[in-house]
There are 2 protein chains.
Amino acid sequence: MLRIATVNINGIRATLRRGFGEWMAGRDADVVTLQEVRCTLADLPEDAFGGYHAVYEPGTIAGRNGVAVLARRPPAAVRTWGAEVLLRGPGERHTSTVPAQTPTLARGISRYAAEGRYVEVDLADAPLTVASLYLPKGGLPAHLQRPGRMREAPDGGAKYQRKMHFLDAFARQLRRARREARARGRDLLLTGDLNVAHTQLDVAAWRRSQQAEGFLPEERAWLDDQLSARTLVDVVRRLHPDTAGPYSWWSWLGQSYALDVGWRIDYHLATPGLARCAVRAEVDRAHAGTRLSDHAPVVVDYDV
Amino acid sequence: MLRIATVNINGIRATLRRGFGEWMAGRDADVVTLQEVRCTLADLPEDAFGGYHAVYEPGTIAGRNGVAVLARRPPAAVRTWGAEVLLRGPGERHTSTVPAQTPTLARGISRYAAEGRYVEVDLADAPLTVASLYLPKGGLPAHLQRPGRMREAPDGGAKYQRKMHFLDAFARQLRRARREARARGRDLLLTGDLNVAHTQLDVAAWRRSQQAEGFLPEERAWLDDQLSARTLVDVVRRLHPDTAGPYSWWSWLGQSYALDVGWRIDYHLATPGLARCAVRAEVDRAHAGTRLSDHAPVVVDYDV
DNA sequence: CTTATAAGG
DNA sequence: CCTTTTAAG
C-alpha cells in the first residue's frame, strides 16, 4: 500500500507556522508532493521535511513557485526540465544542489523550464514515476476584463495567453513523460495544482464562476483533452464519480472555507494501471483548527 | 502650560494596532507632532486622531515618510514646502486637501519639497510655530562601505551624500523659518526625527557607533552648527545636561530596547525664549507593555 | 485574505 | 527585527 498526498502549501514558512510538521508526522504518507514552496535554499528550515527525503526545484524567481517531492525512501531518479535540483536526506542539515536528469523537452516548454513548476522522481518503493506540477493561475482573456469584474489593472489578456501557451506546451511534455515512463516500465502519477477545474462538479459556485480564470471553457477543454484519451485518469473523480467536490482550494476571502465554497483544482492524474490500484481518496480538511494553506492535501491510497 | 510631544510612529496603522489611540487619550498633550505616518489619505483611519485637529503632509512617495501635527485647537496657519496639506477636524470623517501656505524656499530644498518631511503650523494656543520634521536616515559614505560592515549592497555613498545635501539645504530653510517666525512675533519649535545624534551622551554604544550613519562626524558637526549659535536650543538636553540619553530610538533587533541601548535622535529644538519656558521633559517609555514603534515619544511641558 | 519580495528603517 | 509597497495568488 502506498499513500501519496499532494498539497499546495503557498509558502512553506507560513505553512510550518501552521503545523505542517505535525501534519506530516500524523498523516503517515509515503510520498508527499508540494507546490508553491516559495523559498530559496537558504530559507528552507533545516527540519522542514522531517524524516523524508526531499527533492526540491525552487525555480529562479525569488519567493515564487517551487515544487518538491518528499519520499520515505530515497528516489531512484530525479528529473526536471533542465534545472538543478536540491536534495536533502532525512534529518540532514545540508542540502546539496545537483544537476537533475532532463527529459527531452517538448516544443515551447523551455521558456518555462526555470520557474519551479515541475519535478518528477522515480520512486524506490514501486515501479512508479511521481511528478509534482504547479500550473500558472493565469487570468482573464482581454474580452472578459471589464472594470467592475476586476480589481486589478487589465493586462490585455497577457496572463491568460501565457497560461494557455503553457498548457499547450505542457500537453506535449506530458505525452513525452508518459511515453518515457512506460519505456522505463513505470506507471506515471501526475500530482499537483493544475489551476483548472474540470467539470461543474469541481466548482461549488460553478454557475457564477464560468467567467473566472480556472474554469474558462478553453481551460476546461484542455483538461478534458488530457483525460478523454484515458491515457491519464482523474483518480479522485474515479473514486467519487458523483459527488460535488471534494474541493481542494478555497479563497481566503470571506467564509469560503467554512461554507465549503471551494474548487477542485489539485489532482492525482494516473496512468490507467495505477489508477485501478487507487482504493481510497480524500481531501484532508481535518488538520487541527487551522488550515495549512488556501489548499488542502489530496491524499490517495494506492494498493500497489 | 502647553504639553508638546513628538514621536516617529513608523506606520500609523501598525502604531494604532499597538495602542496609539489609548496613548493619545492618556497622554493629555496639547500638540503632538508625528513623523513616518506612512499612509495615504485613503488609508488614514477615520478615528486615527481622536479629538485632535490633524494637519498632514503625506508626501508623494507611497507608504513612506509623512509628517503631521495634531493639535487640540485648530491651527491659525499651516505651511509646507509647496505641497498640499490634509486637514481633518476632531471627530470628522472627512479629510480635506488644501493648498498650504509656502515660505520662500531656500536654495536646494525644492527637490525635497514633496517627500512628506516637513510641515509647520502656527498654534492658536500661543505665539508659537511648531514644525514636524523627518530627516533622511542616510547611509555610510563610500569609504566606510566595506563588506562585513554592511548587509546591504554598497551604494557608493549615495544615501549619505543625499542626506548631507538635504542637511545643507535644510539649514538654510531653517534660518528662514526662524526669521519668518520672529517676524510674525512667534517663537519657533522644531520637533521631530533628525536621524542625527549630537554628542556621546546621545548614543548608548557611542564608541562602536562612530562609523554608523546618524553619528558620523559630518552629521554631528551639522547638528552642532544648528545649536552652537544658540538661535535654537536642544530643550531636552538643556533640562538634562549630564544624563546619558534619554534615548528616543532603539533598534528592533536583539534586546536593544530592554537594555536601553538606544539613540537620542528625536528632538525639541526651540528658539531661546521658548526654550527657557520648558519645565519638564521626558521620553515616554511607559506605554502599556508594547512599544508604539521603534521610537518613543519625547514629551515636553512649556510654561507659556 | 494571504504569501511572498524589495526598500527603507 | 519591523513596516511598508508590489505582485501574485
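Labels below follow one simple rule: chain letters A, B, ... track the order of the sequence lines, proteins then strands, and each chain is numbered from 1. It should be emphasised that the depicted structure is a prediction, and the values quoted were computed from it without experimental measurement.
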Between atom [atom1] in [X] and atom [atom2] in [N], what is the gap in whole Å?
| X | N | atom1 | atom2 | value |
| --- | --- | --- | --- | --- |
| Asp155(B) | dA6(C) | CG | P | 17 Å |
| Lys159(A) | dA8(D) | NZ | C1' | 6 Å |
| Arg17(A) | dA4(C) | CZ | P | 6 Å |
| Leu253(B) | dG8(C) | CG | P | 18 Å |
| Arg13(A) | dA4(C) | CZ | P | 5 Å |
| Asn8(B) | dC2(D) | CG | C1' | 12 Å |
| Asn65(A) | dA8(D) | CG | P | 11 Å |
| Ile9(A) | dA4(C) | CD1 | P | 9 Å |

Would you confirm whether the ring centroid of Trp263(B) sits within less than 6.0 angstrom of the ring centroid of Tyr247(B)?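 When the ring centroids of Tyr247(B) and Trp263(B) are compared, they turn out to be at least 6.0 Å apart.
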
What nucleic acid atoms does Tyr257(B) come within less than 4.0 Å of, heavy atoms only: base, sugar-phosphate, or nothing?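 Contact class for Tyr257(B): none.
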
Remember a base hit wins even if backbone is also touched, and classify Arg291(B) as base, sugar-phosphate or nothing at under 4.0 Å, heavy atoms.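 Contact class for Arg291(B): none.
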
Among [options], which nucleotide sits nearest the side chain of [X]?
| X | options | value |
| --- | --- | --- |
| Asn195(B) | dG9(C), dT3(C), dC2(D) | dG9(C) |
| Asn10(A) | dT3(C), dT5(D), dG9(D) | dT3(C) |
| Ala62(B) | dT5(D), dC1(D), dA8(D) | dT5(D) |
| Arg117(B) | dG9(C), dT3(C), dG9(D) | dG9(C) |
| Trp252(B) | dT5(C), dT4(D), dC2(D) | dC2(D) |

Side chain Arg38(A) and base dT3(C) donor-acceptor under 3.5 Å: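 Side chain to base: pair present.
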
State plainly whether the residues [X] and [Y] are in salt-bridge range, i.e. N to O under 4.0 Å.
| X | Y | value |
| --- | --- | --- |
| Asp193(B) | Lys137(B) | no |
| Glu213(A) | Lys163(A) | no |
| Glu22(B) | Arg17(B) | no |

With a 4.0 Å cutoff (strictly under), does any side-chain N or O of Arg18(A) reach OP1 or OP2 of dT3(C)?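 Yes, because at least one side-chain N or O of Arg18(A) sits under 4.0 Å from OP1 or OP2 of dT3(C).
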
For dG8(C), give the paired nucleotide (Watson-Crick: N1-N3 plus N6-O4 or O6-N4; G-U: N1-O2 and O6-N3; both under 3.5 Å), or none.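 Here dG8(C) is engaged in a pair, and the nucleotide opposite it is dC2(D).
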
Which atom pair, heavy atoms only, marks the closest approach of Gly63(A) to Arg38(A)?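 Smallest interatomic distance, heavy atoms only, reads O-NE, 3.0 Å.
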
